[in-house]
Amino acid sequence: MGAMRAMKAELRRPDGQPVRVLVVDDESTLAELMSMALRMETWDVRTALDGLTAVKTARDFRPDAVVLDVMLPDIDGLEVLKRIRAETPNVPVLFLTAKDAVEDRIAGLTAGGDDYVTKPFSLEEVVLRLRGLMRRTGVTEANAGARLTVGDLTLNEDTREVYRGGDSIELTATEFELLRFLMRNPRRVLSKAQILDRVWNYDFGGQANIVELYISYLRKKIDAGRAPMIHTMRGAGYVLKPAA
């Protein structure tokens with residue numbers, strides 16, 4: 001088996017300081033678990049267990065992103081967002097919402113480029129969504145030369161260069177995002193729904209055939225004439241792993 005190594009781009013503020021994230025959830029155990037996961041990203045994290053504390057903390061802390069539960073014991077998440085944005089207009093917000101939330105309400109939550117996850121969720125999902133939000137809104141910059149490496153395949157997240165065995169591989173923007181998601185989760189089986197969720201951001205509403213199409217595009221560029229790295233797990237999804 002080829003050696004496998006994955007390095008995530010370390011996100012930082014433009015001034016070089018760690019990014020600041022405010023976590024707002026009235027479930028103290030969940031808030032602490034999320035905080036621990038985010039601190040592992042070397043981010044500066046504060047927590048608040050209710051809406052009014054969140055507004056005050058945001059005023060003092062000036063977060064680069066907010067993880068915000070919609071349901072809070074005093075004022076709800078939408079009111080918290082309104083008050084925070086009155087002082088920090090462009091701060092990106094990742095909403096936490098109940099699984100049975102009404103669709104049009106979720107549409108309202110995500111207006112303006114924000115994102116949401118439904119409970120229950122994985123901590124990894126929260127981290128990935130936050131990274132995406134902060135990159136898209138330009139509040140952070142990645143360290144130069146941040147690379148993902150799996151076997152003889154390397155991807156530079158900043159220059160967007162991809163190499164396999166030293167050979168340069170040209171990818172479209174969507175192919176690059178798909179490969180990046182696969183390489184951030186080496187050896188892990190990813191379902192079509194997960195891939196749609198991360199790479200297409202719901203735009204294709206469950207049309208799994210778009211995933212199959214782009215996996216085939218990637219295979220032609222990554223695996224053509226080489227030992228395959230992208231594998232189909234029938235009924236489960238796809239996995240990327242070092243060639244045997």
Side-chain angles (χ1 to χ4, degrees), residues 1-19 38 40-43 64-65 92 113 115 124-125 127-192 194-204 210-233 237-244:
M1 287 280 182
M4 180 185 71
R5 181 172 58 90
M7 294 176 61
K8 290 184 291 189
E10 182 180 344
L11 297 184
R12 290 197 167 260
R13 296 162 61 96
D15 62 4
Q17 296 298 309
V19 296
L38 300 183
M40 289 180 67
E41 299 289 311
T42 72
W43 299 346
D64 298 301
D115 204 350
E124 178 192 10
E125 182 174 15
V127 171
L128 285 172
R129 294 296 184 85
L130 277 176
R131 290 175 69 89
L133 264 182
M134 289 190 283
R135 282 183 182 279
R136 291 199 300 273
T137 52
V139 299
T140 65
E141 61 179 17
N143 287 348
R147 293 173 181 270
L148 299 174
T149 303
V150 179
D152 63 350
L153 181 66
T154 62
L155 177 150
N156 188 308
E157 294 192 294
D158 299 322
T159 65
R160 303 182 78 83
E161 294 174 311
V162 176
Y163 290 88
R164 178 148 188 211
D167 296 329
S168 177
I169 297 172
E170 296 293 324
L171 299 178
T172 66
T174 300
E175 290 166 352
F176 181 88
E177 292 302 326
L178 174 57
L179 181 61
R180 174 155 63 179
F181 183 47
L182 291 171
M183 291 184 71
R184 281 182 172 172
N185 296 275
R187 298 185 186 277
R188 178 181 171 194
V189 178
L190 300 170
S191 69
K192 291 177 183 177
Q194 286 176 304
I195 294 171
L196 272 173
D197 189 31
R198 300 301 200 289
V199 178
W200 279 273
N201 293 316
Y202 319 106
D203 289 352
F204 288 84
I210 197 74
V211 177
E212 296 172 13
L213 183 63
Y214 273 86
I215 286 286
S216 72
Y217 291 162
L218 262 190
R219 279 185 167 134
K220 289 175 183 175
K221 296 184 177 183
I222 301 298
D223 289 345
R226 305 178 178 95
M229 293 184 69
I230 302 171
H231 303 271
T232 301
M233 308 301 288
Y238 303 96
V239 60
L240 181 139
K241 55 188 179 180

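Quantities reported herein were computed from a predicted structural model and do not represent experimental measurements.
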Candidate list Lys220, Arg180, Lys221, test side chain to side chain donor-acceptor pair (under 3.5 Å), partner Glu175, passing option: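 Filter result, single survivor: Lys221.
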Candidates Arg129, Arg131, Arg188 - the one meeting salt bridge (charged side-chain N to carboxylate O under 4.0 Å, His left out) with Glu124: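 Going through Arg129, Arg131, Arg188 one by one, the salt bridge (charged side-chain N to carboxylate O under 4.0 Å, His left out) with Glu124 is satisfied by Arg188 alone.
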So [Y] and [X], do their side chains get closer than 4.5 Å, heavy atoms only?
{"X": "Tyr238", "Y": "Glu212", "result": "yes"}
{"X": "Leu240", "Y": "Leu153", "result": "yes"}
{"X": "Met229", "Y": "Asp152", "result": "yes"}
{"X": "Arg184", "Y": "Leu128", "result": "yes"}

Audit row: Leu130, Trp43, side chain to side chain contact (heavy atoms under 4.5 Å, CB included) steps and yes/no: CA-CA 11 Å; Leu130 277 176; Trp43 299 346; 4.0 Å; yes
Residue pair Asp167, Arg226: steps toward the side chain to side chain contact (heavy atoms under 4.5 Å, CB included) verdict: CA-CA 12 Å; Asp167 296 329; Arg226 305 178 178 95; 3.4 Å; yes
Straight-line distance of [X] [atom1] to [Y] [atom2], nearest 0.5 Å:
{"X": "Leu178", "Y": "Ile215", "atom1": "CG", "atom2": "CD1", "result": "4.5 Å"}
{"X": "Thr154", "Y": "Glu161", "atom1": "OG1", "atom2": "CD", "result": "9.0 Å"}
{"X": "Lys241", "Y": "Asn185", "atom1": "NZ", "atom2": "CG", "result": "15.0 Å"}
{"X": "Leu179", "Y": "Ile222", "atom1": "CG", "atom2": "CD1", "result": "5.0 Å"}

SB check Arg160 Glu170 (cutoff 4.0 Å):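 No, this pair does not count.
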Atom of Asn156, atom of Phe176 and distance for their closest heavy-atom approach: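 Smallest heavy-atom distance, with atoms named: O-CZ, 3.8 Å.
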Nearest atoms (heavy-atom pairs only) where Asp64 meets Pro18: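 Residues Asp64 and Pro18, closest heavy atoms: OD2-O, 4.4 Å.
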Pair Tyr217-Leu171, side chain to side chain contact (heavy atoms under 4.5 Å, CB included): steps then yes or no: CA-CA 9 Å; Tyr217 291 162; Leu171 299 178; over 6 Å; no
Identified side chain to side chain contact (heavy atoms under 4.5 Å, CB included) partner of Leu218 from the options Leu213, Leu182, Asp223: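 Going through the options one by one, the only one that passes is Leu182.
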Test log, rule side chain to side chain contact (heavy atoms under 4.5 Å, CB included), inputs Arg219 and Thr232: CA-CA 11 Å; Arg219 279 185 167 134; Thr232 301; 2.7 Å; yes
